[in-house]
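Below you'll find the structure, written out as C-alpha cells, and then a few comments.
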Number of protein chains: 2
Amino acid sequence: MEAVGRMAGVSQVTVSRALSDPSKVSADTLRRINEAIAATGFVPNAIAGALASSKSRLISALVPSITNTVYASLVRAFSARMREADYQILLSETGLDPEEEERTIAAHLSRRPDAILLTGIHHSPRSRQMLLASGIPVVEVWDVTNSPIDICVGFNHEATGQAAAAFAHEQGHATAATIHAIDERAHRRSQAFATRFAELTGTTATVVPTESMATIAQGRAAMARLLDTGFRKGFVHCSSDVMAHGVIIESTVRGFSVPEDIAVLGFGDQEFAGHVVPTISTIRVDREAFGRTAAEALLDRLDGGRDNAGTVDLGFEIVRRDSA
Amino acid sequence: MEAVGRMAGVSQVTVSRALSDPSKVSADTLRRINEAIAATGFVPNAIAGALASSKSRLISALVPSITNTVYASLVRAFSARMREADYQILLSETGLDPEEEERTIAAHLSRRPDAILLTGIHHSPRSRQMLLASGIPVVEVWDVTNSPIDICVGFNHEATGQAAAAFAHEQGHATAATIHAIDERAHRRSQAFATRFAELTGTTATVVPTESMATIAQGRAAMARLLDTGFRKGFVHCSSDVMAHGVIIESTVRGFSVPEDIAVLGFGDQEFAGHVVPTISTIRVDREAFGRTAAEALLDRLDGGRDNAGTVDLGFEIVRRDSA
DNA sequence: CTGTTAGCGCTTTCAC
DNA sequence: GTGAAAGCGCTAACAG
C-alpha cells in the first residue's frame with residue numbers, strides 16, 4: 001500500500017480507505033490510486049487486515065464428509081450465501097471421530113474465523129468449551145436439540161423414523177426391516193423406526209447396520225443378508241436414497257417385485273430418486289434450506305443481531321413415489 | 001501469549017518457542033507453559049503468526065462444483081494429504097464462468113495462501129498474471145497441457161473420446177451418438193469421440209448437448225430426444241456415469257435392450273457404475289490419485305523442491321462391464 | 001478529504 | 001535456554 005500510495009501521490013492510509021470505502025476518498029485521488037493498483041498488480045494482504053481489524057471475514061465449516069451429496073449440497077448453499085456477503089469458507093472434513101472434530105475445531109479457531117458451522121449436535125466437552133470461549137457465533141446444522149451451543153438449524157431425526165413407521169403401518173405392512181449406514185444420526189432414525197413400528201404393529205422390525213457409509217454396494221449387500229435370513233415380504237426403511245437404490249436393485253435381481261413384495265423407503269430425496277425405475281419413495285429434507293437458513297442466522301448475528309440464538313426445526317416430508 | 005508467559009514466569013517469546021519448537025525450551029519451562037495454556041484455554045492466533053512469518057499454512061483450492069462427486073473426491077484426497085502436512089484448505093466453487101474464477105482467485109490470493117490448486121487449464125490472462133505474480137506454487141488438475149502455469153496433473157480428455165470411439169468401432173457399431181453435459185471438458189471428450197468415430201467408420205455420430213450439469217434426469221431427457229429423432233440401435237458415449245445411467249433407464253423404459261440394441265459407455269467409474277443393472281461400462285480415471293499427486297507435488301515444492309514443474313498425465317482406462 | 005500515530009499478536013533476529 | 005527489540009501490512013482512532 002505504501003508503494004501504491006507513493007505512486008499515486010498519497011499516503012498509505014488513503015490507499016487503505018480507497019479500498020475499503022471509496023466514498024471516503026476524492027474522485028481524482030481514487031482514480032490515481034486505481035491506476036497505481038493496476039500498474040503494480042497490487043493485491044491487498046487480507047492477513048494484515050484481519051490482524052488489524054480483528055475481523056477475518058472467514059467462516060469455518062466442519063462437515064463429516066464432502067463426498068456425501070447430502071453435506072456437499074448443504075455446504076454449497078451455505079457457502080453461496082456467505083460468499084454473497086463477502087465471507088470465505090474454511091472447510092474441513094471431520095469424519096466420524098469426535099476427537100478428530102476437536103482437533104479440527106482448535107485448528108480452525110486459531111485462524112480466528114468470524115463464525116463457525118458444525119454438523120450435528122454432539123461435540124466433546126472441550127470442543128464446546130473452546131467454541132464458547134471463542135465468543136463467535138456458532139451454528140449447528142442437520143439436527144435439533146434443546147441445548148444448542150448457540151444457533152441450531154435442523155430437523156428431528158427420531159421424528160422421521162417414527163413417520164416412516166406410521167407410513168408403513170398405514171399401508172398395512174406387518175413385517176419390516178431398517179437398514180442404516182454407519183452414522184450416528186442414521187442409526188437414530190433406524191431405531192426410531194423400529195421402536196414405533198413395534199408400537200404400532202406389535203412386530204419387531206429387523207435392524208440391519210452396515211459397516212460403512214452409504215453406497216449402492218452396501219445397500220445391495222445389506223438387502224442380500226436380509227433376504228438370506230428369510231425376509232420375503234414387507235417394508236424396508238433405509239437411511240438414505242443410495243441405500244434404498246441398492247436395496248431395490250438387489251430385490252429385483254433376486255426376483256422380488258418392488259413395491260408389491262418389498263416396499264422401500266429412502267431418505268434424502270436425492271436427484272436420482274425421482275428418475276430411476278421404480279422411482280424411490282423417500283423422506284425429503286430441504287438441504288439447501290439448511291445451508292441458507294444457517295447462513296442467514298449467522299449473517300444476522302454478524303450484523304449485530306443478538307437474539308436469534310435457539311433452535312429452528314425445518315422439518316421433513318414423506319414423498320410418495322413408486323417404491324413404497 | 002503474553003498472559004500465558006506471565007503465568008508461567010517466562011516471556012512471551014518463550015511461549016512462542018514452546019509452541020513452535022518445544023525442543024528449544026527446557027523441560028521444566030515447557031511443563032509450566034503447557035499448564036498455563038491449559039489453565040487459560042489459550043488458542044494461538046494463526047493470523048498474527050502468518051503475518052509475522054509470511055507463511056499462512058493455507059492452501060487454496062478452486063473447483064467448478066463441490067456437489068459433483070468427481071471434484072468432491074478429488075478435493076477430499078487432496079485435502080487429506082495436505083492436512084497430514086498441517087495445511088488447511090480454503091475451498092471455493094468457481095462455477096463455469098472464468099470471470100468468476102478470476103474474482104475468486106483474487107480473493108484467495110489476498111489471504112496469502114502458500115500454494116493454490118485450480119481445476120482445468122483455461123484461466124483468464126489476468127488470472128495467470130496474478131498467479132505468476134504471487135510467486136506461490138500452482139497446480140492445475142483434471143486436464144493436461146503443454147503450457148502449464150506451473151505444475152499440472154491430469155489426463156488427456158481428447159484421448160478418452162478417441163479411445164471410446166475405437167472401443168465402439170471394435171465392437172462393430174456402425175451408428176453412434178455422444179451425450180455431454182454443459183462442461184468444456186465433457187464437450188471436448190464428446191467432440192473427440194465424434195471425430196474419431198467418423199474417421200474409423202465413415203459415419204457421423206450425433207452430438208447431443210444438454211443444458212445443465214450431469215443428472216439422471218438430463219441423461220434420460222437427452223436419450224429421449226435421441227430416440228425421438230429416430231435413433232434405434234447403436235453406441236452411446238456419455239460424458240459421465242450419471243448421464244449413462246439416465247440413458248440406460250430411458251432406453252430400457254422404452255423397450256430397448258442394453259447393450260443389445262443400445263450400448264452405453266459412461267465416464268468416471270463412480271461408485272454405482274459397477275452395482276446397477278446392467279452394470280455400466282465406463283472410462284475410469286483415478287480421481288483420488290489426482291488429488292494425492294497434486295498434493296505431493298505441492299508439498300515437495302513447499303519443502304524447497306524446485307524442479308517438479310511440468311505436466312503429469314495420469315491416464316485413464318476403459319472398464320468393460322455389461323452396458324457396452 | 002487526507003495524514004499521523006498506534007497498535008493487532010505473533011516470528012525473527014540478535015544479545016546475553 | 002531465554003529475553004529485548006523490531007517489524008509483518010494493514011486498520012483505527014484522532015487531528016487538521
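Every chain is numbered from 1, with letters handed out A, B, ... down the list of sequences.
Counting non-hydrogen atoms under 4.0 angstrom, T14(B) reaches the backbone sugars and phosphates but no base. Using a 4.0 Å heavy-atom cutoff across all strands shown, E2(B) reaches no nucleic acid atom at all. At the heavy-atom level, S23(A) lies under 4.0 Å from the strands shown only through sugar-phosphate atoms.
D114(A) has its CG atom 19 Å from the P atom of dC8(C), to the nearest Å. Whole-Å rounding puts the L51(B) CG to dC10(D) C1' distance at 8 Å. If you take CZ of R57(B) and P of dC10(C), they are 17 Å apart, rounded to a whole angstrom. Atom P of nucleotide dT2(D) and atom CG of D28(B) are separated by 9 Å, given to the nearest angstrom. Rounded to whole angstrom, the span from the CZ atom of R32(A) across to the P atom of dC1(C) amounts to 14 Å. We find that CZ of R112(A) is positioned 8 Å from P of dG9(C), with the value rounded to whole Å. Between the CE atom of M1(B) and the P atom of dA4(D) there is a distance of 16 Å, rounded to whole Å. As rounded to whole Å, 12 Å separates atom P of dG1(D) from atom CG of L30(B).
Closest to the A52(B) side chain, of the nucleotides dC10(D), dT2(D), dT11(C), is dT11(C). In this structure, the nucleotide among dG3(D), dC1(C), dT11(D) sitting nearest to the side chain of S26(A) is dC1(C). Nearest nucleotide to the side chain of V13(B), out of dC10(C), dG9(D), dG3(D): dG3(D). Among the nucleotides dG3(C), dT11(D), dG3(D), the one closest to the side chain of S11(B) is dG3(D).
Of the residues near DNA chain C, F42(B) and R17(B), the one whose nearest nucleotide (by heavy atom distance) lies more toward the 5' end is F42(B). Between Q12(B) and V15(A), it is Q12(B) whose nearest contact on DNA chain D lies nearer the 5' terminus. Residue whose closest nucleotide on DNA chain D sits further toward the 5' end, between I47(A) and K55(A): I47(A).
With salt bridges taken as basic N to acidic carboxylate O contacts below 4.0 Å, none links E93(A) and R83(B). Electrostatic pairing of E35(A) and R32(A) does not count as a salt bridge here, judged by no charged N lying under 4.0 Å from a carboxylate O. Salt bridge annotation for R188(B)-E184(B): present, with a cationic side-chain nitrogen under 4.0 angstrom from a carboxylate oxygen.
Using modelled atom types and a 3.5 Å distance limit, the side chains of E140(A) and H123(A) yield a donor-acceptor pair. Side-chain N/O atoms of R57(B) and Q88(B) include no donor and acceptor closer than 3.5 Å.
For the pair S53(A) and dT11(D), the criterion of a side-chain N or O lying under 4.0 Å from OP1 or OP2 is not met. Residue T29(B) places at least one side-chain N or O closer than 4.0 Å to OP1 or OP2 of dT2(D). Proximity of K24(B) to the phosphate of dT12(C): no side-chain N or O atom is located under 4.0 Å from OP1 or OP2. Phosphate proximity of dC10(C) to S16(B): absent, as no side-chain N or O sits under 4.0 Å from OP1 or OP2.
If you run ring-ring contact (aromatic ring centres under 6.0 Å, His included) between F290(A) and each of F155(A), Y71(A), F78(A), only F155(A) comes through.
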